[in-house]
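Just below is one structure, and these are the notes that go with it.
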Amino acid sequence: MAAEPVGAVESLFGRNKEEHPEPIQAEVHGEIPSWMEGILLRNGPGMHTIGETKYNHWFDGMALLHSFTIKNGKVFYQSKYLRSDTYECNIEANRIVVSEFGTMAYPDPCKNIFAKAFSYLSHTIPQFTDNCLINIMKNGDDYYATSEVNFIRKINPRTLETLEKVDYTKYVAVNLATSHPHYDSAGNILNMGTSIVDKGKTKYVIFKIPPSVPESEKKKKKTCLKHLEVMCTIPSRSLLNPSYYHSFGVSENYVLFVEQPFKLDILKLATAYIRGVNWASCLVFQKDDKTWIHLIDKQTKKVLPTKYYTDALVLFHHVNAYEEDGHVVLDIISYTDHSLYQMFYLKNLNTNFEDNVKLTSIPTCKRFVLPLQCDKDTDVGSNLVRLPSTTATAVKEKDGSIYCQAEILCEGIELPRINYDYNGKKYRYIFAAEVKWSPVPTQVVKFDIVTKKKLHWEEDHCWPAEPVFVPSPNAQEEDDGIILSTIVTTDPRKLPFLLILDAKTFKEMARATVNVELHLDLHGIFIRDKDLQLEHEVDLDKEED
């Protein structure tokens with residue numbers, strides 16, 4: 001890390017990061033709990049220049065997986081680019097040849113006119129990239145790199161090797177799918193995607209993937225996706241303008257989908273290549289429209305007939321949802337506009353980034369409360385929320401719909417995580433990154449929903465990643481455990497590190513510094529050692545020797 005401090009911001013965002021496929025032992029300062037063994041596996045963009053071509057947007061970069069393996073109080077770091085078809089095609093051509101959301105790839109200027117014409121025609125119906133750079137999904141004993149399209153890539157969590165490519169469309173009719181699935185107590189994956197103009201209809205599809213195949217099929221190496229079940233479909237309010245969504249919510253008995261007025265214009269999408277614009281420009285925020293909240297009953301697999309709505313908002317991350325005394329409580333992080341995505345165009349990420357690039361809408365943690373009991377005899381104009389613990393309201397309108405106004409829990413937090421044992425249940429703590437008016441986090445925070453108080457960790461020249469909560473064995477309380485966050489540093493004289501905090505006190509327990517150029521990542525998971533298949537084991541002690 002020999003670059004001068006003045007170039008630190010550009011190097012963190014725009015410069016290609018070197019991969020480290022062999023384990024590198026980190027230097028541990030402090031003491032890691034003896035029970036803490038496993039892999040923190042994370043995903044994010046790491047390569048933004050290929051040959052003489054560059055991506056326009058930070059979210060477009062080639063997926064770089066990296067991991068911190070904790071074993072016997074020691075920490076080992078690895079990183080490796082996802083060997084997607086997109087990656088292989090780009091590297092072979094030594095230029096960007098596969099379009100990403102913020103960057104459209106065009107034919108090689110050396111191609112003849114017929115090849116160029118064919119390329120333009122083939123992009124009328126977009127073929128999405130398999131550059132799965134957003135998150136990691138678990139399915140039984142398998143792990144997948146995910147993004148927001150119909151492709152996922154199986155990976156080996158120990159070696160970071162890229163395995164087979166999976167296309168959702170072979171099992172369910174979706175063109176897009178979230179990178180934030182949920183998991184129930186039986187290990188099933190719950191996820192949702194958008195089916196664009198399929199048989200004349202555009203709809204949202206909620207589906208379930210089992211954690212394993214029947215015993216009779218195991219020897220045949222059949223995939224769990226063969227047994228995918230469509231739980232419910234919801235028609236889009238617009239055939240050609242479906243809502244964009246990055247995540248969704250679940251409670252004990254319901255799936256919650258927020259249909260926001262941040263929408264994808266399908267006609268613009270289909271003509272983007274010919275018009276010379278990127279797919280991101282096809283997202284439109286209709287600020288005067290409503291935001292609709294759908295409740296899907298897990299048992300009946302039907303949408304509740306009650307129409308819940310609120311004012312226009314932009315939502316990326318759900319926090320949690322739960323049921324209490326005839327209400328469904330929904331906590332989300334929302335914005336009043338869609339400026340967040342604009343912040344991460346690489347042309348904006350220069351030396352003066354922190355001073356010049358400001359969000360026009362601060363992220364706000366909001367609590368909506370949806371009353372389950374509302375019939376024709378309910379008085380119009382009355383507040384149906386009966387929970388004394390919240391100021392959120394839900395008022396019946398003349399047409400029978402319910403207008404919901406949120407309680408503001410706190411402002412300035414993003415990338416929320418919780419103790420997942422409390423997912424879909426009443427909970428108290430949110431672990432997140434504090435971002436304030438800049439889109440880059442400066443603190444790791446713990447927010448107490450009951451007391452409205454925050455604990456935080458911060459250090460000069462440090463940008464923390466999404467915090468991951470790992471519960472202690474035999475935990476008695478919700479915050480019994482530790483917090484893991486990967487920390488990149490804007491001062492090249494300071495090594496990046498894995499931060500380990502006591503989740504209850506938020507005091508630093510340990511950090512593991514690595515002499516590599518750590519990349520900014522997006523999302524990931526912690527995999528306990530006992531949850532890793534033996535066939536994936538690597539003798540890290542031997543590597544150390």
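Computed from a predicted structure; not experimentally measured. Side-chain atoms are counted along with the backbone in the values below, which use heavy atoms only and exclude waters and symmetry mates.
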Practice item. Would you tell me whether Asp130 and Thr86 have side-chain atoms, one donor and one acceptor, within less than 3.5 Å of each other? Key: yes
Point to revise | Distance-only polar pair, side chains of Asn191 and Thr178, donor-acceptor under 3.5 Å | key: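 Distance-only check passes for Asn191 and Thr178.
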Would you say that [X] contacts [Y] through its side chain, given a criterion of any heavy-atom pair below 4.5 Å between the two side chains?
X      : Y      : value
Ile70  : Leu498 : yes
Asp60  : Asn131 : no
Phe316 : Tyr335 : yes
Ser485 : Ile487 : yes
Ile296 : Tyr254 : no
Asp502 : Ile482 : no

Check your understanding: Any salt bridge between Lys396 and Asp379, counting N to O under 4.0 Å?
Key -> no
Review point. Ion pair present between Glu466 and Arg417, side-chain N to carboxylate O less than 4.0 angstrom?
Key: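 Salt bridge flag = yes for Arg417 with Glu466.
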Measure centre to centre between the rings of [X] and [Y], then say whether the value is under 6.0 Å.
X      : Y      : answer
Phe59  : Phe101 : no
Trp58  : Tyr345 : no
Phe13  : Trp463 : yes
Phe257 : Tyr245 : yes
His180 : His523 : yes

Practice item. Name all residues meeting the side-chain hydrogen bond (donor to acceptor under 3.5 Å, both in side chains) criterion together with Ser251; count only those two or more places apart in sequence or in a different chain, and write none if there are none. Key: Glu323
Point to revise | Partners meeting side-chain hydrogen bond (donor to acceptor under 3.5 Å, both in side chains) with Lys165 (sequence neighbours left out) | key: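 Asp85.
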Check your understanding: Do other residues, nucleotides or ligands put more than 12 heavy atoms under 6.0 Å from the CG atom of Asn474?
Key -> no
**Study point:** Any pair counted as ring-ring contact (aromatic ring centres under 6.0 Å, His included), so long as it reaches residues 389-430, sequence neighbours left out
**Key:**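 Checked against ring-ring contact (aromatic ring centres under 6.0 Å, His included) - neighbours excluded - the pairs reaching residues 389-430 are Tyr309-Tyr403.
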Table please: side-chain donor-acceptor pairs of residues 183-190 below 3.5 Å, with sequence neighbours left out.
from: Tyr183; atom 1: OH; to: Lys138; atom 2: N; distance (Å): 3.0
from: Asp184; atom 1: OD1; to: Ala186; atom 2: N; distance (Å): 3.0
from: Asp184; atom 1: OD1; to: Gly187; atom 2: N; distance (Å): 3.0
from: Asp184; atom 1: OD1; to: Asn188; atom 2: N; distance (Å): 2.8
from: Asp184; atom 1: OD1; to: Asn188; atom 2: ND2; distance (Å): 3.4
from: Asp184; atom 1: OD2; to: Asn188; atom 2: ND2; distance (Å): 3.0

Under 3.5 Å, is there a donor-acceptor pair between the side chain of [X] and the main chain of [Y]?
X      : Y      : result
Tyr204 : Ser243 : yes
Asp480 : Ser472 : no
Asn156 : Leu163 : no
Thr390 : Leu387 : no
Asn383 : Val395 : no
Asn43  : Cys132 : yes
His327 : Glu324 : yes
Gln260 : Leu315 : yes
Asn139 : Asp142 : no
Glu148 : Leu176 : no

Practice item. Any pair with a residue in residues 330-344 that passes salt bridge (charged side-chain N to carboxylate O under 4.0 Å, His left out), sequence neighbours left out, goes on the list, sorted by first then second residue, please. Key: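 For residues 330-344: Asp331-Arg367.
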Check your understanding: What salt bridge (charged side-chain N to carboxylate O under 4.0 Å, His left out) pairs are there with at least one residue in residues 441-456, not counting sequence neighbours?
Key ->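 Sorted pair list: Glu407-Lys452, Arg428-Asp448, Glu434-Lys454, Lys446-Asp479.
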Review point. Who passes side chain to side chain contact (heavy atoms under 4.5 Å, CB included) against Ile525, sequence neighbours left out?
Key: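 Only Ile136, Tyr143, Ile527 meet the side chain to side chain contact (heavy atoms under 4.5 Å, CB included) criterion with Ile525.
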Practice item. Go through the structure and list residues passing side chain to side chain contact (heavy atoms under 4.5 Å, CB included) with Pro467, not counting sequence neighbours. Key: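 Applying side chain to side chain contact (heavy atoms under 4.5 Å, CB included) to Pro467 gives Phe431, Val444, Ile483.
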Sequence neighbours left out, what passes salt bridge (Lys or Arg N to Asp or Glu O under 4.0 Å) with [X]? Give chain and number order.
X      : answer
Asp521 : Arg42
Glu458 : none
Glu477 : Lys504
Glu229 : Lys208, Lys301

Practice item. Show your working on side-chain hydrogen bond (donor to acceptor under 3.5 Å, both in side chains) between Ser236 and Thr202 and close with a plain yes or no. Key: CA-CA 6 Å; Ser236 170; Thr202 295; 5.8 Å; no
Check your understanding: Under the salt bridge (Lys or Arg N to Asp or Glu O under 4.0 Å) criterion, do Arg528 and Glu37 qualify, and how do the steps go?
Key -> CA-CA 6 Å; Arg528 290 185 181 275; Glu37 294 207 340; over 6 Å; no
Check your understanding: side-chain hydrogen bond (donor to acceptor under 3.5 Å, both in side chains) between Thr360 and Ser339: does it pass, once the steps are laid out?
Key -> CA-CA 6 Å; Thr360 57; Ser339 63; 3.1 Å; yes
Point to revise | Heavy-atom closest pair, residues Val468 and Gly524 | key: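 Minimum heavy-atom contact is CG2-O, 4.4 Å.
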